[in-house]
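Letters A, B, ... are given to chains in the order of the sequence lines, protein chains preceding strands, and every chain is numbered from 1. Values below: every heavy atom of this structure, side chains too, minus hydrogens, waters and symmetry copies.
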There are 2 protein chains.
Amino acid sequence: MNAPSHSAQPAFTLERQREVVAALNRVLPDGCVLFNEEDTRPYECDGLSAYRQLPMVVALPQNEAQVVAVLNICRTLKAPIVPRGAGTGLSGGAMPIADGVVLSTAKLGKILRVDPYSRTAIVQPGVRNLAISEAASAHGLYYAPDPSSQIACTIGGNVAENSGGVHCLKYGLTVHNVLRVRMVTIDGEIVELGGESLDAPGLDLLAVFIGSEGMLGVVTEVTVRLVPKPQVARVIMASFDDVVKGGDAVANVIAEGIIPAGLEMMDKTSSRMVEPFVRAGYDTEAEAILLCESDGIPEEVEEEIGRMSEVLKASGATAIAVSQNEAERLKFWSGRKNAFPAAGRISPDYYCMDGTIPRKRLAEVLMRITEMESKHGLRCANVFHAGDGNLHPLIMFDANKPGEFERAEAFGADILELCVQVGGTITGEHGVGIEKINSMCVQFSPQELEAFFAVKRAFDTAFLLNPDKAIPTLHRCAEGGKMRVTAGLMKFADLPRF
Amino acid sequence: MNAPSHSAQPAFTLERQREVVAALNRVLPDGCVLFNEEDTRPYECDGLSAYRQLPMVVALPQNEAQVVAVLNICRTLKAPIVPRGAGTGLSGGAMPIADGVVLSTAKLGKILRVDPYSRTAIVQPGVRNLAISEAASAHGLYYAPDPSSQIACTIGGNVAENSGGVHCLKYGLTVHNVLRVRMVTIDGEIVELGGESLDAPGLDLLAVFIGSEGMLGVVTEVTVRLVPKPQVARVIMASFDDVVKGGDAVANVIAEGIIPAGLEMMDKTSSRMVEPFVRAGYDTEAEAILLCESDGIPEEVEEEIGRMSEVLKASGATAIAVSQNEAERLKFWSGRKNAFPAAGRISPDYYCMDGTIPRKRLAEVLMRITEMESKHGLRCANVFHAGDGNLHPLIMFDANKPGEFERAEAFGADILELCVQVGGTITGEHGVGIEKINSMCVQFSPQELEAFFAVKRAFDTAFLLNPDKAIPTLHRCAEGGKMRVTAGLMKFADLPRF
């Protein structure tokens with residue numbers, strides 16, 4: 001996405017910058033403190049490139065003791081800190097603060113241990129997601145969460161955003177696959193959260209920490225769960241002449257008690273967008289295409305593919321194809337996996353939203369998004385993790401045409417509000433960051449936001465760790481931001497009871 | 001367990017009691033405020049009956065508005081509150097405070113909704129665990145966590161203690177089966193945590209709340225996940241002539257990639273204790289008996305039972321029996337399920353501990369517990385959730401013999417310390433409560449305990465909600481309590497790295 005930069009004049013004096021740089025240089029090795037614009041430029045945004053901000057300083061600690069030292073300096077000098085992994089996040093969680101320090105985990109990249117017996121790995125935060133699976137591969141194991149950025153994104157960033165992937169319906173999100181986090185608080189203290197047993201005594205701070213977007217501490221070590229590589233995986237590609245039937249088919253598969261390894265849906269706009277690009281053999285006449293994957297031992301996969309095919313047929317599928325080998329399986333997936341580049345091919349810019357809805361509202365929400373296309377005068381392709389109810393609408397626009405970026409933003413905000421209205425949430429797996437902070441006012445009551453702040457304050461009284469991300473102040477909500485508080489926000493208490 | 005009561009003289013004046021009673025009577029209906037000793041006596045302890053304390057007042061609100069009113073009164077009058085479900089907890093989490101109010105959820109017992117489509121139920125906190133499954137039964141669904149007290153215990157108590165059960169290896173603990181909690185803060189505000197989608201935006205306060213032992217708020221509504229009742233379940237009973245082989249068999253089953261519906265182990269002391277009582281057909285010559293259950297569709301169960309039998313044989317099982325029908329399955333389980341009453345039959349008193357260890361240390365820990373029997377001069381039977389590494393040593397003693405209660409307590413503390421030493425934890429599923437508060441000093445560093453307190457303060461600045469439970473003050477740890485800080489406590493950072 002290419003849109004107006006939010007950059008401004010430096011918000012700090014040269015004296016201030018020199019003070020912070022000098023203090024950091026005393027505790028970090030040569031080349032680990034960056035402050036010249038040509039060196040800090042690569043850190044000005046993450047994957048949400050519409051929001052840019054040069055940081056005052058970038059610090060690159062090489063070990064935990066240096067992380068402690070950096071945090072002690074920032075606390076003493078009252079410099080805000082933005083922790084950063086690979087910068088692949090899509091909600092601006094790693095966008096720098098003008099007068100702040102970016103703490104990059106790039107030099108904390110060691111895999112400390114792979115233990116095939118307990119099926120765990122202990123890694124530093126800068127280790128790439130895929131590198132864990134590569135290291136575990138010799139033991140027939142892998143790390144399950146697979147965000148589409150898995151080649152580049154780091155486990156530290158995955159912990160910050162509670163990342164998912166196409167297999168999280170069956171294998172869970174980051175929070176379900178991380179057993180322990182070792183982290184440094186803003187007070188420079190080392191705290192371990194969680195452990196290898198099923199339940200840890202005391203409060204479950206591990207789950208709070210995962211997905212806290214760098215607001216509670218800086219990760220220095222992560223213990224992840226490893227799972228056996230499935231012996232075989234096969235995928236069904238099913239066509240539907242009606243999105244309602246496709247949406248119902250998703251609900252029917254789950255209602256049958258099947259948890260597919262992946263359950264993805266694409267609408268006609270999406271399949272017509274990707275097919276010329278990838279030649280995956282998609283049915284471009286279908287209103288909806290479902291991809292349903294099964295993995296495991298061959299007998300289980302055979303049985304599950306059979307049951308899913310029956311359910312899809314009974315739900316009105318007009319065509320069904322089952323991958324006959326690994327090459328065909330990858331071909332079927334190629335369209336889904338290349339939807340973003342395909343959008344980039346047919347539209348100068350696109351905006352990928354991320355919201356979650358109850359599965360049973362899928363068809364209705366898709367139809368309402370179609371209606372919104374005319375309201376905002378923009379096209380929207382829908383590719384999504386249907387099994388989780390996690391939508392990824394791709395809003396296409398041209399940033400060079402006046403007003404189109406703003407219309408794309410308004411379209412996205414409308415979709416998120418719709419998600420909340422039908423009982424869903426404003427984010428599925430991309431986090432809140434800076435992008436969706438106003439939508440949080442729609443999702444949560446002032447009391448609920450205050451509960452978040454109370455926990456934030458418990459870890460970071462001075463609000464130095466990634467401030468102004470993820471949780472909006474009540475003042476900000478009251479001012480309205482981009483979204484208004486929805487009068488019709490349904491709470492469970494308002495729903496009819498039996 | 002029958003042991004010296006910790007009761008003392010009333011810690012409040014009659015004027016104070018009258019003040020609190022009068023205030024509560026203004027907001028609660030007749031009969032919902034108890035203060036005479038004959039009325040409050042049933043609330044003096046929970047399942048950890050060695051610890052007793054009469055409360056000043058018992059409040060029984062009938063709806064959420066009354067819960068809000070009770071909390072507002074307690075906050076204003078600075079009266080500490082102990083929330084209470086059915087009082088079946090085993091760690092004293094619901095033990096009253098002498099000058100405090102017990103807030104019982106007994107009258108919040110409505111099942112508000114069962115939704116077979118989304119496979120969820122919304123219930124009030126006083127609903128019994130088993131009642132949820134009974135209500136869902138018509139739809140072929142049930143609520144999976146099954147603590148042994150499930151006939152009596154309430155979902156509110158399950159949320160407070162993050163309860164497990166024999167099936168939690170496959171189906172998870174309470175935290176994995178609760179989607180949403182609606183609760184009232186000490187400030188009288190209503191907050192909803194979690195939701196029906198896979199990931200909720202903002203901090204994951206639901207996971208912190210579950211297992212927080214009544215310290216963060218009072219539950220008024222719970223949305224639970226329901227799962228399909230398995231078509232069939234079968235159990236393997238396997239004998240081993242050596243606990244080391246039995247322990248290794250557990251690890252081998254898991255290493256094979258099988259997640260049994262239940263994987264339980266009993267040592268010879270336990271099987272000899274229960275067999276005369278239940279006549280389950282247990283091999284009383286075996287040093288260890290394993291029960292391995294499989295559930296699901298018939299083909300899956302058949303296949304899994306076959307694979308588990310192979311692994312158990314290869315691990316050295318001396319005898320294997322597979323249940324041929326439901327009656328036989330229940331018979332095989334009857335010994336395990338009646339271990340506690342059986343202990344009560346052969347010993348005047350027993351003390352059930354609850355600790356968790358890495359599965360690979362099972363055999364070693366069992367042998368060290370055997371050594372401790374001579375040190376403390378008491379017998380100990382071991383029945384446990386082997387698949388989770390969750391031990392339940394039953395220490396047998398006679399409270400009427402001077403010193404035996406104290407020796408049982410010391411034995412238990414030694415076992416918990418051993419759990420921590422081998423990389424485990426001081427509780428598996430019973431919570432910390434008052435029983436294990438000193439062991440928390442062994443488990444956690446001062447920095448980690450401070451992180452717990454920071455979150456506690458974030459929700460309850462005045463420390464009115466179940467104070468002095470679950471988290472020890474550093475002062476208490478420094479004073480030593482029953483357990484000392486172990487010099488040899490292993491932290492991950494100290495372990496060898498590859």
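Top candidate by heavy-atom pairs under 4.5 Å with chain A, chosen from Pro116(B), Ser212(B), Gly164(B), Ala255(B), is Ala255(B). Of the listed residues Val208(B), Val227(B), Thr427(B), the one with more heavy-atom pairs under 4.5 angstrom with chain A than any other is Val208(B).
The distance from atom CD of Glu300(B) to atom CD of Glu299(A), rounded to the nearest 0.5 Å, is 12.0 Å. Annotation: the span from Arg457(A) atom CZ to Arg457(B) atom CZ amounts to 12.5 Å, rounded to 0.5 Å.
Nearest heavy-atom pair, Lys360(A) versus Asp115(B), reported as atom, atom and distance to 0.1 Å: NZ-OD2, 3.3 Å. In plain terms, the two heavy atoms of Leu203(B) and Leu216(A) that are nearest each other are CD2-CD1, 4.3 Å.
With a 4.5 angstrom heavy-atom cutoff, Arg359(A) does not touch chain B via any of its atoms. For chain B, the nearby part of Ile297(A) is the side chain; its heavy atoms alone come within less than 4.5 Å.
Crowding of Lys110(A) atom NZ: a count of heavy atoms from other residues, nucleotides or ligands under 6.0 Å not exceeding 12.
Side-chain contact check for Pro201(B) versus Lys436(A): every heavy-atom pair is 4.5 Å or farther apart. Using a 4.5 Å heavy-atom threshold, the side chains of Val455(A) and Leu205(B) count as touching.
Of the candidates Gln447(B), Glu450(B), Glu448(B), Glu189(A) forms a side chain to side chain contact (heavy atoms under 4.5 Å, CB included) with just one, namely Gln447(B).
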